[in-house]
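Here is the structure we will look at.
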Amino acid sequence: MKKKKLNLSGALAFVLALLILIIFVPINMIFDYYDKVYDMTPSGKYTLNPITEQLLEDTSDKQIEIYFLSALMDLKEVPRYLPLYHTLTKLDEKDNITLTCFDPNEDKELAESLNPTGLLDVGLADIFVKCGNTIKQIKFRRCFQQDSNNILEYAGEELISGAIYLCTSGNLPTVYFLTGYSDRTLDENYSIYKEEIMTDNYDVQELDLSTVDEIPENTAIVYLTAPQKDISLSDREKLSTYIDNGGAISMILPPCETEGRFENIEYLLAKFEIGMDYNLVREKNSDWQYRNLDSEQDDRYFRVSYPSKDEDYTEDLTTDINQLVTDGMYIAGIGNTRSFSALSSSSEMIEKASIIENLPPTADSTDYTTISEPMGGDDKTAAEAKEKSNTPLVMGYYSYNKQTGAKLYVIGSDDSLDNDRVTISIYGTRVMTLFSNTWLSDSDIDMGIGSKSNSYDTMVFEDGKDATRAINLFIVVPILFALAGVAVWLKRRYA
């Protein structure tokens, strides 16, 4: 009679399970308590990038305040928001950084201190970075974006690091309004528009070019607004150098009664292959006319279109405003404007497109009812202006030099920016001009960290049979081996 072997398989399995519980459960509890994470993601979603680490080392002597407008644990409870949770907690570990989390609806006083002008659109879970008197807001929705394949990307560390760099340097990118060529001033005529620009994290100042040798290095955008005389040759050269080096310029050029042409301004426009007309545009079709500030029907205020992005072009300045117009938020209109035209010269490096156009009486009509009335310029420009009556007109362009990176936004009216002359009917053009600032120069600092995302492996099959074979190889076959192993174990468990 054979002696029965002692079977320890059941006891061994029990012991192993118990050891797993004894060892791994406490370890996980300890890691959870100390918030310890081992980041195994290829992009390092849960750890700080070396660029951020170096930035924090370089700014360790600066006191930095970070405000998160929600409870921090709200991020930890949602898996897709974990990268932001770990970014904030890692930053909070630094001696010179203070992280404050609060609900803006409960602590309104603190929320208002971060938004002293009251112009910022402060939302739940937004982030504010502050150093000294410099504050930069980061909208929560920008921290998590989807790429072209609808894969969720985390951009929070890039944005927060850029905000830290900007705030600790003490200098916001500056939008300069040029002085000396108009009786209209930033603080008297465009102060409200100035404050709206500032909500996008720009500083806004006036600049007299005659007092400097070159455009300041911290310049984000140069505004030339409502000139009533041509700029000087010296200022033209400074602006020309700025443009050649990839600068961004916004020209707001309403019609005015002056003798002679603005030759130096035309020179700068020609760099972007744009020409200006010396005219005042009037709309004779009463259906397209709007009311002026005195609530009177006025042929100088009229409806326009914001042409949709050309699918062959890379730049897009009208989609956002057209969506708002479609939603009934704004009206597409302009008042007291001149027109512009594209120069016959055309370079492959220059991308230019109209952003404001007049309308025909009907969608199928080619008969335009706008009148081009000569204003300013000389005899030649007056004759050219008259020829533009009852024709398609462009009251605004963008132009982009793909080689140098220089950008131009130009429109023929400043009424939509002026404190005392803006009306509801032309506010859409004001909003589009405000939107153009972020196209001309993004106030975010590019730190080189980029967006972080999970890494996914994909397989492409030629047909259904190919897919079936792969399923059999990677799923069915392992299951069969597993079942075979279980069968052998059942058969021999008492052997």
Check step by step if side chain to side chain donor-acceptor pair (under 3.5 Å) holds for Thr433 and Tyr409.
CA-CA 8 Å; Thr433 304; Tyr409 176 88; 2.8 Å; yes
List the steps and the verdict of side chain to side chain contact (heavy atoms under 4.5 Å, CB included) for Thr100 and Phe68.
CA-CA 6 Å; Thr100 302; Phe68 177 61; over 6 Å; no
With side chain to side chain donor-acceptor pair (under 3.5 Å) as the test, would you mind laying out the steps for Ser425 and Thr423 before giving the verdict?
CA-CA 5 Å; Ser425 61; Thr423 63; 2.9 Å; yes
One pair to check against salt bridge (Lys or Arg N to Asp or Glu O under 4.0 Å): Arg421 and Asp414. What are the steps and the verdict?
CA-CA 9 Å; Arg421 289 181 292 153; Asp414 75 324; 2.9 Å; yes
Full working for salt bridge (Lys or Arg N to Asp or Glu O under 4.0 Å) between Lys452 and Glu153
CA-CA 5 Å; Lys452 299 179 177 182; Glu153 294 184 326; over 6 Å; no
Carefully, step by step, assess Tyr81 and Phe140 under the rule ring-ring contact (aromatic ring centres under 6.0 Å, His included).
CA-CA 10 Å; Tyr81 296 154; Phe140 177 75; 5.1 Å; yes
Going through the distances and angles, do Thr404 and Met349 end up as a side chain to side chain contact (heavy atoms under 4.5 Å, CB included)?
CA-CA 9 Å; Thr404 66; Met349 291 296 101; over 6 Å; no
Audit row: Asp203, Gln205, side chain to side chain donor-acceptor pair (under 3.5 Å) steps and yes/no:
CA-CA 7 Å; Asp203 189 14; Gln205 302 288 339; 3.2 Å; yes
Should Tyr165 and Val129 be marked as a side chain to side chain contact (heavy atoms under 4.5 Å, CB included) after you check the CA-CA gap, both sets of side-chain angles, and the distance that decides it?
CA-CA 10 Å; Tyr165 177 86; Val129 177; over 6 Å; no
Derivation and outcome, side chain to side chain contact (heavy atoms under 4.5 Å, CB included), residues Ile449 and Thr52
CA-CA 8 Å; Ile449 298 170; Thr52 302; 3.0 Å; yes
Chi angles and distances behind the side chain to side chain donor-acceptor pair (under 3.5 Å) call for Thr314, Glu351:
CA-CA 8 Å; Thr314 60; Glu351 176 180 311; 3.0 Å; yes
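Counted by atom type alone, Ser240 and Glu237 present zero donor-acceptor pairs between their side chains at under 3.5 Å. No hydrogens or angles considered: a donor-acceptor pair under 3.5 Å links the side chains of Ser339 and Asn279. Asp187 and Ser191 are not linked by any side-chain donor-acceptor pair at a separation below 3.5 angstrom, with hydrogens and angles left out of the test. No hydrogens or angles considered: nothing links the side chains of Asp208 and Thr179 as a donor-acceptor pair under 3.5 Å. Judged by distance alone, the side chains of Gln289 and Asp298 never bring a donor and an acceptor atom under 3.5 Å apart.
Counting non-hydrogen atoms of neighbouring residues, nucleotides and ligands closer than 6.0 angstrom, the NZ atom of Lys139 exceeds 12 such neighbours. Counting non-hydrogen atoms of neighbouring residues, nucleotides and ligands closer than 6.0 angstrom, the CD atom of Gln297 exceeds 12 such neighbours. Dense packing is recorded around CD of Glu266, with more than 12 heavy atoms of other residues, nucleotides or ligands lying under 6.0 Å away. Other residues, nucleotides and ligands contribute more than 12 heavy atoms inside 6.0 Å of the CG atom of Asp312. Enclosure of atom CZ in Phe262 by more than 12 non-hydrogen atoms of other residues, nucleotides or ligands within 6.0 angstrom is indicated.
Nearest heavy-atom pair across Gly450 and Glu158 is N-OE1, 2.7 Å. Of all the heavy atoms in Asn264 and Leu233, the pair that sits closest is ND2-N, 3.6 Å. What you find for Ala226 and Pro254 is that their closest heavy atoms are CA-CD, 3.5 Å. When all heavy atoms of Arg142 and Ala155 are compared, the pair lying nearest together is O-CB, 3.8 Å. The minimum heavy-atom distance between Gln63 and Cys131, with the atom names listed, is O-SG, 3.6 Å. Nearest heavy atoms, Gly412 versus Pro255: O-CD, 3.4 Å.
Within the structure, ring pair (Phe, Tyr, Trp, His ring centres under 6.0 Å) contacts touching residues 204-228 (residues at least two apart or in different chains) are Phe177-Tyr223. Sorted by first and then second residue, the ring pair (Phe, Tyr, Trp, His ring centres under 6.0 Å) pairs with a member in residues 377-404 read Tyr398-Trp439; sequence neighbours excluded.
The ring pair (Phe, Tyr, Trp, His ring centres under 6.0 Å) test applied to Phe272 returns no partner, not counting sequence neighbours. Partners of Thr381 by side-chain contact (heavy atoms from CB on, under 4.5 Å), not counting sequence neighbours, listed by chain and number: Arg261, Tyr278, Asp378, Glu384. In this view, Gln54 and Glu57, Asp58 satisfy the side-chain contact (heavy atoms from CB on, under 4.5 Å) rule, not counting sequence neighbours. Take Tyr154 and apply the ring pair (Phe, Tyr, Trp, His ring centres under 6.0 Å) test, not counting sequence neighbours, and it matches Phe144.
Here the side chain of Asp316 pairs a donor or acceptor atom with the backbone of Thr318 at under 3.5 angstrom. The backbone N or O of Ile350 sits nowhere less than 3.5 Å from a side-chain atom of Lys402 that would complete a donor-acceptor pair. Asp299 contributes no side-chain N or O that, together with a main-chain N or O of Lys284, makes up a donor-acceptor pair within less than 3.5 Å. At least one donor-acceptor pair closer than 3.5 Å links the side chain of Tyr202 to the backbone N or O of Ser441. Under a 3.5 Å cut-off, the side chain of Arg303 and the backbone N or O of Trp288 do not form any donor-acceptor pair.
Checked against Tyr181 for a side-chain hydrogen bond (donor to acceptor under 3.5 Å, both in side chains), the options Asp230, Thr225, Asp235 give a single hit: Asp235. Tested against Gln323, the residues Thr319, Asp327, Asp320 include a single side-chain hydrogen bond (donor to acceptor under 3.5 Å, both in side chains) partner, Asp327.
Residues Arg338 and Met375 form no side-chain contact, since every pair of their non-hydrogen atoms from C-beta on lies 4.5 Å or further apart. Using a 4.5 Å heavy-atom cutoff, the side chains of Arg184 and Tyr190 are in contact. Between Met395 and Asn358 there is a side-chain heavy-atom pair separated by less than 4.5 Å.
Taking OH from Tyr193 and OG from Ser416, the interatomic distance works out to 8.0 Å, rounded to the nearest 0.5 Å. The distance from the CG atom of Leu359 to the OG atom of Ser305 is 5.0 Å, given to the nearest 0.5 Å. Rounding to the nearest 0.5 angstrom, the gap separating the CG atom in Asn419 from the CG atom in Asn189 is 7.0 Å. The CE atom of Met276 sits 11.0 Å away from the CG atom of Leu268 when rounded to the nearest 0.5 Å.
With a 6.0 Å cutoff to the six-membered ring centre and a 45° limit on the axis angle, Arg291 does not count as a cation-pi contact of Tyr301.
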